[in-house]
Participant: 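Quick one: the structure is below, questions incoming.
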Amino acid sequence: MKKLILALITAVGLMAGAQASEGGIAWDKAPNKTNDLAALQHGAKLFVNYCLNCHSAAFMRFNRLKDIGLTDQQIKDNLLFTTEKVGETMKAAIDPKQAKDWFGGTPPDLTVIARSRSGAGGTGADYLYTYLRTYYRDDTKATGWNNLAFPNVAMPHALWELQGERKPVYFEKEEHGHKVSVFKGWEQVTPGALTPLQYDQAVGDLVGYLQWMGEPAQNTRVRIGVWVLMFLLVLTFFTWRLNAAFWKDVK
């Protein structure tokens, strides 16, 4: 019995440690933009310009972007930087060997990243929305950047020119007889090309695109599901009334 209790305590401790490693702050709620075609198109543009340099989306083809209102010609003119054919998959421009030398590992594929990052703090979209908005300068790191949602992250801040440079602000409070630092907010060090509100909106568009890319047929599936449930509800009503009509004279 003692061994069983000890094993349970150890398991709980490991689970708590795993959850703590997911991020040091609460995740912000990401806006739902998977039905906003303009936002999805802007998110696709940000993805190709800022993410596809290092990260692939090997299970997504460029011509699938026609589902969010783009034509083949628009895709060719504005989004094809790593290939010449709209039927090709979204492959990263970086050499995997160089990526491993620079970052210590190959950057992960982002096709289903929004579906794989969900956790106790919220959905995968919530995590990505928080992660992309919590970078700060850290000269002790090889890349010069760190992240509150992913401490000691190897990835540099790809969107820093849009957001500018910020630093976290903390205040101290006493807990159990010890002083601890608690995150309070941000201080803008240098301005970016976008205002803080514009940057949050841009990140929302990018995260919305990553959500859509993880399951392009999701909105269609949901619409069909609603109609199926409505049909089954009507069918159930008629079946119930038909059953009553068949058995009304049976005693």
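Please read all numbers here as calculations on a predicted model, not as lab measurements.
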Participant: Describe, in one word, how the ring planes of Trp186 and Tyr136 are oriented to each other, choosing from parallel (under 30°), tilted (30 to 60°) and perpendicular (over 60°).
Facilitator: tilted
Participant: Sub-3.5 Å donor-acceptor pair from the side chain of Arg117 to the main-chain atoms of Tyr127, do we have one?
Facilitator: no
Participant: Under 4.5 Å between any side-chain heavy atoms of Met155 and His55, yes or no?
Facilitator: yes
Participant: Does Lys141, at its NZ atom, have more than 12 non-hydrogen atoms belonging to other residues, nucleotides or ligands within less than 6.0 Å?
Facilitator: yes
Participant: So do Leu70 and Leu79 actually touch side chain to side chain, heavy atoms under 4.5 Å?
Facilitator: yes
Participant: If we check side-chain contact (heavy atoms from CB on, under 4.5 Å) with Trp27, which of these qualifies: Thr123, Asp126, Leu128?
Facilitator: Asp126
Participant: Hey, are the side chains of Asn78 and Lys45 touching, using non-hydrogen atoms and a 4.5 Å cut-off?
Facilitator: no
Participant: Begin from the C-alpha positions of Asp109 and Ser56 and carry the test side chain to side chain donor-acceptor pair (under 3.5 Å) through to its verdict.
Facilitator: CA-CA 5 Å; Asp109 187 276; Ser56 291; 5.0 Å; no
Participant: Kindly determine whether Arg241 and Phe238 satisfy side-chain contact (heavy atoms from CB on, under 4.5 Å), including the steps that lead there.
Facilitator: CA-CA 5 Å; Arg241 297 308 303 159; Phe238 281 109; 5.7 Å; no
Participant: Which residue, Asp28, Asn147, Asn146, forms the side-chain contact (heavy atoms from CB on, under 4.5 Å) with Thr134?
Facilitator: Asn147
Participant: So which atom in Ala58 and which in Thr89 form the shortest heavy-atom distance, rounded to 0.1 Å?
Facilitator: O-CG2, 3.4 Å
Participant: Would a distance-only check, ignoring hydrogens and angles, find a side-chain to backbone donor-acceptor pair under 3.5 Å from Asp205 to Ala202?
Facilitator: no
Participant: Would you name the heavy atoms of Gly87 and Arg61 that are closest together and state the gap between them?
Facilitator: O-NH1, 2.7 Å
Participant: Kindly indicate whether the side chain of Phe47, heavy atoms from C-beta on, has any atom under 4.5 Å from the side chain of Met60.
Facilitator: no
Participant: Treating Thr190 as the side-chain partner and Glu165 as the backbone partner, does any N or O pair qualify as donor plus acceptor under 3.5 Å?
Facilitator: yes
Participant: Rounded to the nearest 0.5 Å, how far does OG1 of Thr106 lie from NZ of Lys97?
Facilitator: 11.0 Å
Participant: Please give me the minimum heavy-atom distance between Val207 and Ala30, naming the atom from each residue.
Facilitator: CG1-CB, 4.4 Å
Participant: To the nearest 0.5 angstrom, please state how far the CG atom of Leu65 sits from the OG1 atom of Thr71.
Facilitator: 11.0 Å
Participant: State, with a plain yes or no, whether a side-chain heavy atom of Leu233 is found less than 4.5 Å away from one of Leu229.
Facilitator: no
Participant: Do the side chains of Phe62 and Leu80 get nearer than 4.5 Å, heavy atoms only?
Facilitator: yes
Participant: In Å, rounded to the nearest 0.5 Å, how long is the span from CD of Gln163 to CZ of Arg133?
Facilitator: 8.5 Å
Participant: Report yes or no: do Leu242 and Phe237 belong to one cluster of Ile/Leu/Val/Met/Phe/Trp/Tyr joined by side chain heavy-atom distances under 4.5 Å?
Facilitator: no
Participant: Any idea which heavy atoms bring Lys33 and Ala39 closest together, and the distance?
Facilitator: CD-CB, 3.8 Å
Participant: Is Phe171 atom CZ crowded by more than 12 heavy atoms from other residues, nucleotides or ligands, each under 6.0 Å away?
Facilitator: yes
Participant: Indicate yes or no: at least one non-hydrogen side-chain atom of Phe59 is less than 4.5 angstrom from one of Val112.
Facilitator: no
Participant: Of all the heavy-atom pairs spanning Leu148 and Tyr170, show the shortest one and how long it is.
Facilitator: CD2-OH, 3.4 Å
Participant: Quick check on the hydrophobic clustering: are Leu235 and Phe246 connected, directly or via other members, by side-chain heavy-atom contacts under 4.5 Å?
Facilitator: no
Participant: Would Leu197 and Val203 show up in the same hydrophobic cluster when neighbours are defined by side-chain heavy atoms closer than 4.5 Å?
Facilitator: no
Participant: CD/Gln41 to CD/Gln74 distance, rounded to the nearest 0.5 angstrom?
Facilitator: 7.0 Å
Participant: Indicate yes or no: at least one non-hydrogen side-chain atom of Ile75 is less than 4.5 angstrom from one of Lys66.
Facilitator: yes
Participant: From Trp145 CH2 over to Tyr135 OH, what is the distance, rounded to the nearest 0.5 angstrom?
Facilitator: 9.5 Å
Participant: Write down the atom of Ile25, the atom of Thr130, and the distance for their closest heavy-atom approach.
Facilitator: CD1-CG2, 3.9 Å
Participant: Answer yes if Leu159 and Val189 sit in the same cluster of Ile, Leu, Val, Met, Phe, Trp and Tyr residues linked by side chain heavy atoms under 4.5 Å apart, and no otherwise.
Facilitator: no
Participant: To the nearest 0.5 Å, tell me how far Tyr129 OH sits from Leu206 CG.
Facilitator: 11.5 Å
Participant: Is there a path of hydrophobic side-chain contacts, each under 4.5 Å between heavy atoms of I/L/V/M/F/W/Y residues, joining Phe81 to Leu52?
Facilitator: yes
Participant: Hey, is CG on Asp139 packed in by over 12 heavy atoms from elsewhere, all under 6.0 Å?
Facilitator: no
